[in-house]
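Just so you know, these numbers use all the heavy atoms, side chains as well, and skip hydrogens, waters and symmetry mates. None of the values given here were measured: they were computed from a predicted structure.
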2 protein chains.
Amino acid sequence: MIQPRPRTIPEATVARLAVYLRVLTSFADGGRTTVSSGELASAAGVNPAGLRKDLSHLGSCGVRGVGYEVRALRERIARVLGAERSRACVLVGIGNLGTALADYAGFGSRGFRFTGLFDAAPERIGQRIGGLAVQPMAELEETVAGTAVAIGVIATPAEVAQQVCDRLCAAGVRSILNFAPVTLTPPPGVDVRQVDLSVELQVLAFLGQQRAVPAGEVSA
Amino acid sequence: MIQPRPRTIPEATVARLAVYLRVLTSFADGGRTTVSSGELASAAGVNPAGLRKDLSHLGSCGVRGVGYEVRALRERIARVLGAERSRACVLVGIGNLGTALADYAGFGSRGFRFTGLFDAAPERIGQRIGGLAVQPMAELEETVAGTAVAIGVIATPAEVAQQVCDRLCAAGVRSILNFAPVTLTPPPGVDVRQVDLSVELQVLAFLGQQRAVPAGEVSA
DNA sequence: GCGACTTTGTTCCTGCGTTCACAAGCGGTT
DNA sequence: AACCGCTTGTGAACGCAGGAACAAAGTCGC
């Protein structure tokens, strides 16, 4: 079974594929059977040509003159992204944000399930969130090894995020999503994605102030 | 006051400047007075040359042979990003995620303060979070106009996010941070930044599966 | 006072991502 | 059966970000 197409999909494309998947699911729920690249691109907020190029990375199966069949395209993207199989995740740090993440129904519908919630505070141990009981940190390694955890999510205070990262990596986790406002330095071979809410706000604020004062009064 | 340097800073650089700001604050708290580009880059997880190029965008004032003065550089970045003045934000959707955002102390220390929390559910009205009472949606426009809101944050269910966006924009908000898993279509002149937690997880999962099967068995 | 070392700021270059534009292909129609 | 309009897929050009290498500049040691 030869793969004539290049098997390296750019990361930016992968992120957009996830968006297309969401839009396609919404279209399928709405009863649509086919979509053109223009409609899909508009719904996803991207350029039509870029969307077609993204889809071409997975050997696209659109029909010229008609468009794409919604269900077939959705299945294909889901297969490429690996979204058809369920992936086990653990969440460390059950504060406000952690609780929100553990309760978020959107993860389950996209193939992610938490198999462990961990916190260092004794008063949180045993608390049930989204059908799962919060466990003490001491049980982290055992759970990771026992449930073949694919992704670790860090929602702890910044001070302990690095050592949590170290423990997760040592336990075998190779993908980490970090919400703590620190730059993690993972061991080689581990992917880390950083979501920093303050950075997002600051970029927005900068763009806004740049728009307000296009003359550029930085007054350095 | 002429600005000889180009006043357009790339968006990717702006995002990294926010990270440098955080690292510099941490260094300043630790008592450091000077840093080299190498140290700073390592702490921020970027390439030293890229860091120097980023800093050159704001007419850098490092000292050759020594490095950068921590406090001065921090002040300069803060001034360029506009992080020295406090910006008013409103938050719509006080579910689990909204509560976490309203309670997040990191915003306040970076120049963002919420001046209004809004929700459609009657049972949430009046609830106090982080020193602020949740208000009904009907009061949204009044608060936005009255407190010169710079940024609107949407943490509602996906179904109502677009109409919340429309109301925010109509009320005068020109920057929106959206956590709902939908692609918003804002009116012209409004910046929207999307934070989709499921997309982050799916990108991580894809990278992980690609790493696990480098032969590329997509089996399309 | 002078030389050597360190570190910044800049320039070049390579590669990637994005956009535009066009040829190929399919369905519907006459 | 042939034509026409519509849409996909791809090739090329453009712009941008990232990385490496080098010159300028300042400090420390002698």
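Here C/dT8 presents its P atom at 15 Å from CZ of B/R76, a figure rounded to the nearest Å. Remark: P of C/dT10 and CG of B/L55 are 11 Å apart, rounded to the nearest angstrom. The CG-C1' distance, from B/L51 to D/dA17, rounds to 15 Å in whole Å. One atom, NE2 of B/H57, and another, P of D/dC16, lie 11 Å apart when rounded to the nearest Å.
Residues A/V46 and A/R16 form a side-chain contact, since some pair of their non-hydrogen atoms from C-beta on lies under 4.5 Å apart. Contact check for B/R71 versus B/L73: no side-chain heavy atoms found under the 4.5 Å cut-off. Side-chain contact between B/R32 and B/V35: present, with at least one pair of heavy atoms (C-beta onward) separated by less than 4.5 Å.
The closest side-chain donor-acceptor pair between A/D191 and A/S175, if any, does not fall under 3.5 angstrom. With no hydrogens or angles considered, a side-chain donor-acceptor pair links A/R22 and B/T183 at under 3.5 Å. With 3.5 Å as the limit, one finds no donor-acceptor pair spanning the side chains of A/N96 and B/T99.
Sparse packing is recorded around CD of A/E11, with 12 or fewer heavy atoms of other residues, nucleotides or ligands lying under 6.0 Å away.
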Step-by-step side chain to side chain donor-acceptor pair (under 3.5 Å) determination, A/R87 to B/Q202: CA-CA 10 Å; A/R87 296 177 189 279; B/Q202 281 180 329; over 6 Å; no
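For the pair A/V19 and A/A44, the tightest heavy-atom approach, listed with the atom from each and the gap, is CG1-CB, 4.1 Å. Considering every non-hydrogen atom in both B/I176 and B/C169, the closest pair reads CD1-SG, 3.8 Å.
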For nucleotides 1-7 of chain D, give me every protein contact, N/O to N/O, under 3.5 Å, one pair per line with atom names.
unit_1: D/dT7; atom_1: O4'; unit_2: A/G65; atom_2: N; d: 3.2

Taking only N/O atoms, report every protein-nucleotides 11-14 of chain D pair under 3.5 Å with atom names and distance.
unit_1: D/dA12; atom_1: N6; unit_2: A/K53; atom_2: NZ; d: 2.9

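Against DNA chain D, the stretch residues 39-49 of chain B makes heavy-atom approaches under 4.0 Å through B/N47, B/A49.
Checking A/D54 against B/C61, the closest nucleotide of DNA chain C that is more toward the 5' end is the one next to B/C61.
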